[in-house]
Amino acid sequence: MIQPDQPEGPSKPIDLTSDDYFMGEALRLARMAYDADEVPVGAVIVRNAKIIARAHNQVELLKDATAHAEILAITQAANALGDWRLEGCTLFVTKEPCPMCAGAIMLSRLKRLVFGVRDERAGGAGSVFPITSATGLNHVLEVQSGVKETEARTLLQSFFRTRRTDA
């Protein structure tokens with residue numbers, strides 16, 4: 001008989017190259033932003049199954065409206081590669097990018113964008129603004145949403161609920 005605290009079968013190894021794994025890393029960064037009283041958004045950029053950039057929102061810390069996780073990660077990845085073109089790279093971010101970040105994503109030539117939760121108020125990857133699928137741009141981006149969506153949504157809702165009760 002299987003004991004209640006033991007798994008019922010062999011445990012699956014963690015796939016260190018999966019979208020779930022990399023989004024988990026972005027969520028870890030989002031929690032760091034939360035703890036720093038920043039909007040909890042985290043981002044990682046991956047190339048050849050390795051993280052080359054990690055960032056979370058730092059708008060309040062840096063007093064800079066452009067210090068979004070995506071922008072900071074893009075800058076870090078460009079420095080790591082020595083090129084502004086991030087061809088072959090994937091950005092994992094916990095929340096749908098805003099229009100500013102979506103524009104930077106397109107300009108940096110990322111191959112893929114994977115995000116957790118949609119932003120129905122200001123999303124720049126299709127929810128409100130279709131920047132990442134604009135036909136007039138000379139770059140095509142693969143977009144996937146909903147990866148670890150529940151975790152990302154819960155973290156954002158908790159942050160804003162706390163902010164409203166503290167005000």
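Heavy atoms only: backbone and side chains are in, while hydrogens, waters and symmetry mates are out. From a predicted model like this one, the values you see are computed outputs, not experimental measurements.
Annotation for V140: hydrophobic cluster partners, listed by chain and number, are none (ILVMFWY side-chain heavy atoms under 4.5 Å, direct or chained). Under a 4.5 Å side-chain heavy-atom criterion applied to ILVMFWY residues, the cluster that includes L107 comprises that residue alone.
Heavy atoms only, all atoms of each residue included: P130 and V128 are closest at CD-O, 3.8 Å. For the pair H68 and V59, the tightest heavy-atom approach, listed with the atom from each and the gap, is CD2-CG2, 3.7 Å.
Applying the side-chain contact (heavy atoms from CB on, under 4.5 Å) rule to T154 yields the partners T150; only residues at least two apart in sequence or on another chain are considered. Under the side-chain contact (heavy atoms from CB on, under 4.5 Å) criterion, P99 pairs with F129, I131, sequence neighbours left out. With sequence neighbours left out, E96 forms a side-chain hydrogen bond (donor to acceptor under 3.5 Å, both in side chains) with S127. By the side-chain hydrogen bond (donor to acceptor under 3.5 Å, both in side chains) test, R31 is found to be paired with no residue, residues two or more places apart in sequence or in another chain being considered. Not a single side-chain contact (heavy atoms from CB on, under 4.5 Å) links D35 to another residue, sequence neighbours left out. Applying the side-chain hydrogen bond (donor to acceptor under 3.5 Å, both in side chains) test to Q144 and every residue at least two apart in sequence or in another chain returns R112. A search for salt bridge (charged side-chain N to carboxylate O under 4.0 Å, His left out) contacts involving D20 returns nothing, not counting sequence neighbours. The side-chain hydrogen bond (donor to acceptor under 3.5 Å, both in side chains) search around T75 returns none, not counting sequence neighbours. Not counting sequence neighbours, the partners of R109 by the side-chain contact (heavy atoms from CB on, under 4.5 Å) test are W84, R85, E87, N138, H139.
When hydrophobic clusters are built by joining Ile, Leu, Val, Met, Phe, Trp and Tyr residues whose side-chain heavy atoms come closer than 4.5 Å, directly or via intermediates, L155 is not grouped with M23. With hydrophobic clusters built from ILVMFWY side chains whose heavy atoms lie under 4.5 angstrom apart, V93 shares a cluster with F160. In this structure, V143 is a member of the same hydrophobic cluster as V117, with clusters built from ILVMFWY side-chain heavy atoms closer than 4.5 Å. By the criterion of side-chain heavy atoms lying less than 4.5 angstrom apart, applied directly or through intervening Ile, Leu, Val, Met, Phe, Trp or Tyr residues, Y34 is not grouped with L62; the two fall into different hydrophobic clusters. L16 and L91 fall into different hydrophobic clusters, where Ile, Leu, Val, Met, Phe, Trp and Tyr are joined by side-chain heavy atoms under 4.5 Å apart, directly or via other members.
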Table please: side-chain donor-acceptor pairs of residues 44-58 below 3.5 Å, with sequence neighbours left out.
residue, atom, partner, partner atom, Å
R54, NH1, E25, OE1, 3.0
N57, OD1, A69, N, 2.8
N57, ND2, V39, O, 3.2

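Salt-bridge annotation for D19 and K148: absent, with no side-chain N of the basic residue lying under 4.0 Å from a carboxylate O of the acidic one.
To the nearest 0.5 Å, atoms OG (S108) and CD1 (I71) are separated by 8.5 Å. Distance OG1/T132 to CZ/F115: 7.5 Å, rounded to 0.5 Å. To the nearest 0.5 Å, the span separating OG1 on T66 from CG on L72 amounts to 7.5 Å. The structure places CG of L113 at 10.0 Å from CE of M106, a figure rounded to the nearest 0.5 Å. Distance check: T94 OG1 to L29 CG gives 9.0 Å after rounding to the nearest 0.5 Å. One finds the CD1 atom of I105 at 7.0 Å from the CG atom of L141 (value rounded to the nearest 0.5 Å).
Without hydrogens or angle criteria, E70 side chain to A102 main chain gives no donor-acceptor distance under 3.5 Å.
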Self-check item: D37/F159 under side chain to side chain contact (heavy atoms under 4.5 Å, CB included): CA gap, chis, key distance, verdict
Solution: CA-CA 8 Å; D37 208 25; F159 178 80; 3.9 Å; yes

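Ring pair F92/F22 is tilted by interplanar angle, where 30° to 60° counts as tilted.
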